[in-house]
Amino acid sequence: MNSAASAVPVRLTDLPVPAPHAGDVDAVLIPAEQLQERITSLAAQISADYAGRDTVIVALLSGTVMFLADLLRRLEFPLRLDFMGVSSYGGGTESGQLVYTKELKLGIRGRHVLVVDDILDTGKTLRSVTAKLAELGPASLKTCVLLDKPERRTGRFDADYVGFRIPNLFVVGYGLDYDERYRNLPFVGVLKPHVYTEPA
Ligand code: PRP
């Protein structure tokens, strides 16, 4: 079974939302301990698959920061790390137009590339990034996401490694933002609708 097929399906918990966030966050979707457990097993799978390969991890800014840091320290093989900046502007809850804000620094021709992102939503970002990287001639090209929201997909795209399969909820925390806020939450939570429906 590949790792995407073993993605952990999650449902809302009834765990209390930590006090500092309770005004804006409705519920905890994935608590910190569950994130760490799943990342440990994803990292073991990736380490087994990539051992002995000349590998470049390409992380997408900015939402991947927390996931990347926890994943990377558990990857047990020599690798190179690079970043691409890609954002969808157009704001709100929908993914708008894609803008590249940072290009790769490393060459990837002939190397095994694993793209790491926080969430696979409509699929627009990873479709664009993988098409762009494929043109550079990598030996292989795969993707790894912490969260997959399959109900939102607007075209075909599946990630090769998936942490959790989540329902169509507005999630924030553990790197994921709304309007650049909430990235520092140590858990993945569901945002209260008033935050994104009422003007600040
Ligand atoms: C978010 C997220 C993914 C992308 C997923 O990025 O980090 O890269 O959207 O959505 P999609 O599958 O519909 O393309 P965003 O543009 O919000 O930038 P950020 O990572 O800086 O938050």
Side-chain angles (χ1 to χ4, degrees), residues 2-4 6-8 10 29-51 53-88 95 98-108 111-130 132-133 136 138 140-149 157-166 171-178 180-189:
N2 70 23
S3 192
S6 64
V8 176
V10 290
L29 184 64
I30 312 174
E33 307 71 36
Q34 197 183 357
L35 287 166
Q36 296 306 317
E37 261 173 46
R38 178 64 184 141
I39 293 168
T40 298
S41 86
L42 264 184
Q45 172 81 59
I46 293 169
S47 296
D49 292 350
Y50 282 81
R53 293 181 170 187
D54 182 4
T55 301
V56 181
I57 302 287
V58 173
L60 304 188
L61 299 170
S62 308
T64 197
V65 284
M66 298 275 219
F67 174 44
L68 178 71
D70 285 337
L71 181 73
L72 268 186
R73 73 188 85 198
R74 293 176 171 91
L75 294 181
E76 296 173 339
F77 57 94
L79 56 83
R80 291 179 171 85
L81 174 65
D82 204 349
F83 294 90
M84 282 179 91
V86 53
S87 272
S88 43
S95 301
L98 276 190
V99 179
Y100 282 85
T101 56
K102 185 198 172 297
E103 298 293 338
L104 275 187
K105 199 168 64 178
L106 297 177
I108 60 166
R111 290 179 169 151
H112 295 272
V113 172
L114 180 63
V115 180
V116 177
D117 204 3
D118 54 347
I119 186 165
L120 173 54
D121 191 35
T122 66
K124 190 162 68 175
T125 302
L126 281 177
R127 275 196 299 274
S128 170
V129 166
T130 52
K132 197 171 158 82
L133 295 179
L136 301 175
S140 70
L141 179 58
K142 289 193 171 184
T143 55
C144 171
V145 296
L146 178 67
L147 307 176
D148 183 9
K149 218 193 247 188
F157 194 89
D158 291 315
D160 299 287
Y161 301 91
V162 176
F164 299 91
R165 197 165 55 243
I166 65 169
V171 287
V172 292
Y174 197 67
L176 289 100
D177 74 314
Y178 171 66
E180 299 303 330
R181 298 165 65 205
Y182 312 107
R183 293 198 199 270
N184 61 316
L185 274 51
F187 59 90
V188 175

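Residue numbers run from 1 in the order of the sequence given. Scope of the values below: all heavy atoms of this structure, side chains included, with no hydrogens, waters or symmetry mates.
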Could you grab the distance from atom [atom1] of [X] to atom [atom2] of [Y], nearest 0.5 Å is fine?
X: T55; Y: K142; atom1: OG1; atom2: NZ; answer: 11.0 Å
X: D148; Y: R165; atom1: CG; atom2: CZ; answer: 7.5 Å
X: I119; Y: T64; atom1: CD1; atom2: OG1; answer: 11.5 Å
X: L35; Y: T40; atom1: CG; atom2: OG1; answer: 10.5 Å
X: S140; Y: R111; atom1: OG; atom2: CZ; answer: 12.5 Å
X: M84; Y: K105; atom1: CE; atom2: NZ; answer: 14.0 Å

So do [Y] and [X] actually touch side chain to side chain, heavy atoms under 4.5 Å?
X: V86; Y: D117; answer: no
X: V10; Y: Q34; answer: yes
X: Y178; Y: V172; answer: yes
X: S87; Y: Y100; answer: no
X: V115; Y: L60; answer: yes

Donor-acceptor contact below 3.5 Å, side chain [X] vs main chain [Y]:
X: R74; Y: D70; value: yes
X: D160; Y: T143; value: yes
X: R38; Y: V162; value: yes
X: K149; Y: L120; value: no
X: S128; Y: T125; value: no
X: S47; Y: Q45; value: no

Original post:
Passes side-chain contact (heavy atoms from CB on, under 4.5 Å), F187 versus Y174? Steps please.
Top reply: CA-CA 5 Å; F187 59 90; Y174 197 67; over 6 Å; no
Subject >> F164 and its side-chain contact (heavy atoms from CB on, under 4.5 Å) partner, picked from L29, V8, V188, L42 >> reply: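 Option passing the side-chain contact (heavy atoms from CB on, under 4.5 Å) with F164: V8.
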Subject >> Candidate list I57, I46, V58, L72, test side-chain contact (heavy atoms from CB on, under 4.5 Å), partner V116, passing option >> reply: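 So, applying the side-chain contact (heavy atoms from CB on, under 4.5 Å) to V116 and each of I57, I46, V58, L72, only I57 qualifies.
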Original post:
Do you know the tightest heavy-atom contact between A159 and V145?
Top reply: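 Looking at all heavy atoms of both residues, the shortest contact is CB-CG2, 3.8 Å.
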**OP:** Quick one: do L147 and D118 satisfy side-chain contact (heavy atoms from CB on, under 4.5 Å)? Show the steps, please.
**Re:** CA-CA 6 Å; L147 307 176; D118 54 347; over 6 Å; no
Original post:
Please walk me through it: do Y161 and D49 pass side chain to side chain donor-acceptor pair (under 3.5 Å)?
Top reply: CA-CA 11 Å; Y161 301 91; D49 292 350; 2.5 Å; yes
Subject >> N-O pairing of D82 and K102 below 4.0 Å >> reply: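 Answer for the salt bridge query: yes.
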Original post:
Could you walk me through whether F157 and L126 pass the side-chain contact (heavy atoms from CB on, under 4.5 Å) check?
Top reply: CA-CA 8 Å; F157 194 89; L126 281 177; 3.7 Å; yes
**OP:** Verify the neighbour count for atom CZ of R80: are there more than 12 heavy atoms of other residues, nucleotides or ligands below 6.0 Å?
**Re:**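 Open: at most 12 neighbouring heavy atoms sit under 6.0 Å from CZ of R80.
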Original post:
How are the rings of Y50 and H112 set relative to one another: parallel (under 30°), tilted (30 to 60°) or perpendicular (over 60°)?
Top reply: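 Rings of Y50 and H112: perpendicular, over 60°.
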Original post:
How far apart are the C-alpha atoms of L79 and V56, what are their side-chain angles, what is the distance that settles it, and do they pass the side-chain contact (heavy atoms from CB on, under 4.5 Å) test?
Top reply: CA-CA 6 Å; L79 56 83; V56 181; over 6 Å; no
